[in-house]
Amino acid sequence: MSRFTSRLLTWYRDNKRDLPWRGHPDSYAVWISEIMLQQTRVETVIPYFEKWMKRFPTVEALADASEQDVLNLWEGLGYYSRARNLQKAAKIIVEQYNGKLPRNLDALRKLPGIGRYTAGAIASMAFGLDEPALDGNIRRVLARVFDVNVPADSPTGEKVLWGLAAKHLPNGEAGDYNQALMDLGATICLPKNPRCLICPVMKLCKARELGIQDQRPVVRPKKKTPHYVHAAAVIVRRIANSPHVLLAKRPSKGLLGGMWEFPNARVNGDPAKELTQAIQTATRLKVREKEALGTVEHAYSHFSVTVHPFRCQLVSMSENQNLKWVRVEKLEDYPMGRIDRQIARQLI
DNA sequence: TAAGCGTGGCT
DNA sequence: TAGCCAAGCTT
């Protein structure tokens, strides 16, 4: 075992974080937590994980649920294909693996939503297999300690970093090793202002020795995000003596796939002036503007948007399976993105 | 291969 | 403040 690994594991024994899924020895809990944690902070995940394990305690429970139930629980976590893939994988696990996650890297890797990192994490943490894992934290720690001077997200950088992760992996302790690297990255080897003075591997760290911690890992320049303006129609109607609004279901793939929203369309100029035509083109709904309801701003990963919701009167609509009248009191039952949820809350 | 995919906290 | 960033995967 290298000195790096030895110091890392010693530090981990005394400093590992107490996390809900670490109290669950079963592979199902490890799987769910790993998917939720993709690109998502631990503090954000914890309440979702607790709720999930109560609602879907087993692979079978998840496989039997409807996609809408799953998306509803996932609402607010983001990257919704993760939720849809979890359910697809659960069905495969029930049908092909007798309800148990396969204890083998290649079979795990083939399940929807499980890539190289997640397969390695499950294999090592849940099954004790000697497999490395490389996530954002581990990438940063290794890039600094071993001074990787090529972009970490380039093909060369990936190869070097996976190689380092494997090279220092201790036989029989891969689970602790992978989690130790992640905890170190999350609590000490921070992206900004790393706490080098209390780092267990400070004396072995090449970036620290050179004073270039803030230049590792090397990152490639990112593109600026464009900004868009949308107009949305809030169409209210009384049905059976209770107010309903018209919602549209988004396509199952792409942005906010399978989520519900207020009928909307992108506009180029004045949202009020373009509202009627834009909505009709996008949804085949004919509407008449009644009242502006303020604006909602949101920044996505690759663009930002300003939405102008308008209370509208419905003039006519053609048959469309993706449209549904929903009782205002029942809006919480329909999974929505952040913007539409905010508009929905204004109606209650 | 590089772009697409959410959200919220931090600086 | 506006951008950066976080336990990545899919196409």
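Note on naming: letters A, B, ... go to the chains in the order of the sequence lines (proteins, then strands), and numbering restarts at 1 for each one.
- Across all strands shown, A:Ile114 has heavy atoms under 4.0 Å from sugar-phosphate atoms exclusively, and none from any base.
- Taking every side-chain heavy atom of A:Pro191 into account, C:dA6 is the closest of C:dT10, C:dA6, C:dG8.
- A salt bridge is defined here as a Lys NZ or Arg NE, NH1 or NH2 lying under 4.0 Å from an Asp or Glu carboxylate O, and A:Asp183 with A:Arg17 meets this definition.
- Although no hydrogens or angles enter the test, the distance criterion places a donor-acceptor pair under 3.5 Å between the side chain of A:Asp270 and the main chain of A:Ala272.
- Whole-Å rounding puts the A:Asp214 CG to C:dC5 P distance at 12 Å.
- No donor-acceptor pair closer than 3.5 Å links the side chain of A:Arg216 to the backbone N or O of A:Lys206.
- C:dC4 and B:dA3 have their P atoms separated by 16 Å, given to the nearest Å.
- Straight-line distance from the CG atom of A:Leu190 to the P atom of C:dC5: 13 Å, rounded to whole Å.
- The only member of A:Val94, A:Leu86, A:Ile32 that meets side-chain contact (heavy atoms from CB on, under 4.5 Å) when paired with A:Val59 is A:Val94.
- As rounded to whole Å, 15 Å separates atom P of C:dA6 from atom CG of A:Leu181.
- Applying the side-chain contact (heavy atoms from CB on, under 4.5 Å) test between A:Val287 and each of A:Leu314, A:Val315, A:Val234 identifies A:Leu314 as the sole match.
- In terms of heavy-atom proximity, A:Ala174 sits nearest to A:Asp130 at CB-CA, 3.9 Å.
- In this model, the phosphate group of C:dG3 is not approached by any side-chain N or O of A:Lys224 to a distance below 4.0 Å at OP1 or OP2.
- Atom-to-atom, CD1 of A:Ile122 to P of C:dC9 comes out at 10 Å; the value is rounded to the nearest Å.
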Please tabulate the protein-to-nucleotide N/O contacts below 3.5 Å involving nucleotides 5-9 of chain B, giving atom names and distances.
{"residue": "B:dC5", "atom": "OP1", "partner": "A:Leu255", "partner atom": "N", "Å": "3.3"}
{"residue": "B:dC5", "atom": "N4", "partner": "A:His302", "partner atom": "NE2", "Å": "3.3"}
{"residue": "B:dG6", "atom": "OP1", "partner": "A:Tyr79", "partner atom": "N", "Å": "3.4"}
{"residue": "B:dG6", "atom": "OP1", "partner": "A:Tyr80", "partner atom": "N", "Å": "2.8"}
{"residue": "B:dG6", "atom": "OP2", "partner": "A:Leu256", "partner atom": "N", "Å": "2.3"}
{"residue": "B:dG6", "atom": "O4'", "partner": "A:Tyr79", "partner atom": "N", "Å": "3.1"}
{"residue": "B:dG6", "atom": "N7", "partner": "A:Tyr79", "partner atom": "OH", "Å": "3.3"}
{"residue": "B:dG6", "atom": "N7", "partner": "A:Ser301", "partner atom": "OG", "Å": "2.2"}
{"residue": "B:dG6", "atom": "O6", "partner": "A:Tyr79", "partner atom": "OH", "Å": "2.8"}
{"residue": "B:dG6", "atom": "N1", "partner": "A:Gln39", "partner atom": "O", "Å": "3.2"}
{"residue": "B:dG6", "atom": "N2", "partner": "A:Gln39", "partner atom": "O", "Å": "3.2"}
{"residue": "B:dG6", "atom": "N2", "partner": "A:Thr40", "partner atom": "OG1", "Å": "3.2"}
{"residue": "B:dT7", "atom": "OP1", "partner": "A:Tyr80", "partner atom": "OH", "Å": "2.9"}
{"residue": "B:dT7", "atom": "OP1", "partner": "A:Arg338", "partner atom": "N", "Å": "3.3"}
{"residue": "B:dT7", "atom": "OP2", "partner": "A:His298", "partner atom": "NE2", "Å": "3.2"}
{"residue": "B:dG8", "atom": "OP2", "partner": "A:Arg338", "partner atom": "NE", "Å": "2.9"}
{"residue": "B:dG8", "atom": "N2", "partner": "A:Arg41", "partner atom": "NH1", "Å": "2.5"}

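- Distances shorter than 4.0 Å separate some side-chain N or O of A:Arg140 from OP1 or OP2 on C:dA6.
- Ring orientation note: the planes of A:His308 and A:Phe310 are close to parallel, at an angle under 30° on the 30°/60° scale.
- Listed in residue order, the members of residues 11-22 of chain A having a heavy atom less than 4.0 Å from DNA chain C are A:Arg17, A:Leu19, A:Trp21.
- Tested against A:Tyr117, the residues A:Glu34, A:Gln38, A:Arg139 include a single side chain to side chain donor-acceptor pair (under 3.5 Å) partner, A:Glu34.
- Within 4.0 Å (heavy atoms only), A:Ser33 reaches no atom of the nucleic acid at all.
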What's the verdict on side-chain hydrogen bond (donor to acceptor under 3.5 Å, both in side chains) for A:His227 and A:Ser304, showing C-alpha distance, side-chain angles and the deciding distance?
CA-CA 5 Å; A:His227 185 87; A:Ser304 57; 2.7 Å; yes
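- Nucleotide C:dG8 holds its C1' atom 16 Å from the CG atom of A:Leu111, rounded to whole Å.
- In this structure, the CG atom of A:Leu37 is 12 Å from the P atom of C:dC9, given to the nearest Å.
- Atom name P, nucleotides B:dG6 and C:dT11: the rounded distance is 14 Å, in whole Å.
- Aromatic ring pairs are classed by plane angle as parallel below 30°, tilted from 30° to 60° and perpendicular above 60°; the pair A:Tyr228 and A:Phe303 is tilted.
- Put simply, A:Lys253 has no side-chain N or O that comes within less than 4.0 Å of OP1 or OP2 on C:dT10.
- Residue A:Lys88 contributes atom NZ, which lies 12 Å from atom C1' of C:dC9 at whole-angstrom precision.
- The nearest whole Å value for the distance from the CZ atom in A:Arg109 to the C1' atom in C:dC9 is 8 Å.
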